[in-house]
Amino acid sequence: MQWKGVIERYRSYLPISSETPIVTLNEGNTPLLFAEGLSEKIGLKVYLKYEGTNPTGSFKDRGMTLAVSKAIEDGAKIIMCASTGNTAASAAAFAARSRRLKCVVIIPDGYIALGKLAQAMAHGAQVIAIKGNFDDALRIVKEITDNYSVALVNSLNPYRIEGQKSAAFEICDVLLNAPEFHAIPVGNAGNITAYWKGYQEYKRLGKVRTKPKMLGFQAAGSAPIVQGQIIKKPETIATAIRIGNPASWKQAKEARDESGGLIDAVTDDEIIQAYKLLAAETGIFVEPASAASVAGILKLHGRGYFDQGHGDKIVCTLTGHGLKDPDTAIKNIQQPVVLNPDIKEILKEIGL
Ligand SMILES: *Cc1c(COP(=O)(O)O)cnc(C)c1O
């Protein structure tokens, strides 16, 4: 039977009624891939939840299907978000899919990966770039959506979290239990909040026997939760997590503490190393922010964090597709050689 998206699949776990008009791009049902090399390296069974195969190329679609469906049910005509790119791409696509919503997105000028901007524009969103960062954009969007009849579709919108928890359900449905650890990049902290909610609900309902330790990773130049203070000028190559004042800060700390996990920082160098390793050794091309989860577990392994856990399972969320950010790829990967259309020259280059 055809997969019909996360609302159809997990309807009984979601705040959906028979009246809700479902807007879906058949998001979800993403691959959970066993990573042999990483497993050997770390000494645990490492699985990669590859969210880049969602329709707009990131996990944001899981929450957007719900946020947009509920916005229409509640009579909205306009949706709005602040975005480092992927929320904008997803909101724009679902608004187009609905054929009735106008979508307005506010982005930090110059800090949004090319693919994401192309998506938002292609889907017909009104894109406004501000001379400020994501945190400035979110403040403005909150004020507008508080005072005008415009629906906010950032992860402050509880329906976003509800939809995104479906990724934890999918993992449990495949592994037939929760993993021992779950590693995830942390930006605005909605996703770590959503996964923890999903794991807790499955446990409460008896669908799984255990819950994972949640391991969140921020970029070192944008690590407010790790440092315990707002970062006024967050910096990182991983633009999707370039956030200095996460909206779900409190919930992320709860996920960390209730699960017995941690939230740590990884440097841009560590992120790029993991990004290259994923592409070269697992066949999965992600955007830089996504590699923070793998960079994080490599760092923890380096300091012996997993030494007790042989045989345990760890799932890393890979949040978005590598094609989102072609500039980073081209800057960090070897350029092709240019030769004449001459078979001898080419054979020599190949070494045949
Ligand atoms: C949105 C996003 C994140 C951060 O998720 P939060 O819910 O904001 O913590 C990480 N990676 C990618 C690719 C994203 O699009």
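All ligand and atom numbering here is 1-based and tracks the order in the structure.
Counting only distance, with no hydrogens or angles, the side chain of Asp342 and the backbone of Lys344 share a donor-acceptor pair below 3.5 Å. Listed for the Glu170 side chain is no donor-acceptor partner under 3.5 Å among the backbone atoms of Gly28.
Closest protein heavy atom to atom 5 (O) of ligand 1: Phe59 CZ, 3.4 Å. In this structure, atom 12 (C) of ligand 1 lies nearest to the protein heavy atom Thr319 OG1, 3.2 Å. Remark: minimum distance from atom 14 (C) of ligand 1 to any protein heavy atom is reached at Lys60 NZ, 2.9 Å. Taking atom 8 (O) of ligand 1 as the reference point, the nearest protein heavy-atom neighbour is Asn188 N, 2.8 Å.
At a threshold of 4.0 Å, the pair Arg97-Asp61 does not count as salt-bridged, since none of the basic side-chain nitrogens sits closer than that to a carboxylate oxygen.
Residue Ala240 has no N or O atom closer than 3.5 Å to an N or O atom of ligand 1. Not a single N or O atom of Ser290, backbone or side chain, sits closer than 3.5 Å to an N or O atom of ligand 1.
Heavy-atom distances between Ser155 and ligand 1 stay at or above 4.0 Å for every pair.
Here the CZ-CG distance, from Phe59 to Asn86, works out to 7.5 Å after rounding to the nearest 0.5 Å. Interatomic distance, CD of Gln2 versus CD of Glu8, reported as 11.0 Å (0.5 Å rounding).
With a 4.0 Å cut-off on non-hydrogen atoms, Asn191 touches ligand 1 through its backbone as well as its side chain. By the criterion of a heavy-atom distance under 4.0 Å, the side chain of Ile241, and not its backbone, is placed next to ligand 1.
Here atom 6 (P) of ligand 1 lies nearest to Ala189 when heavy atoms of Ser248, Ala292, Ala189 are compared.
Between the side chains of Gln251 and Lys197, no donor N or O sits under 3.5 Å from an acceptor N or O. With hydrogens and angles left out, the side-chain atoms of Ser259 and Lys211 include no donor and acceptor closer than 3.5 Å.
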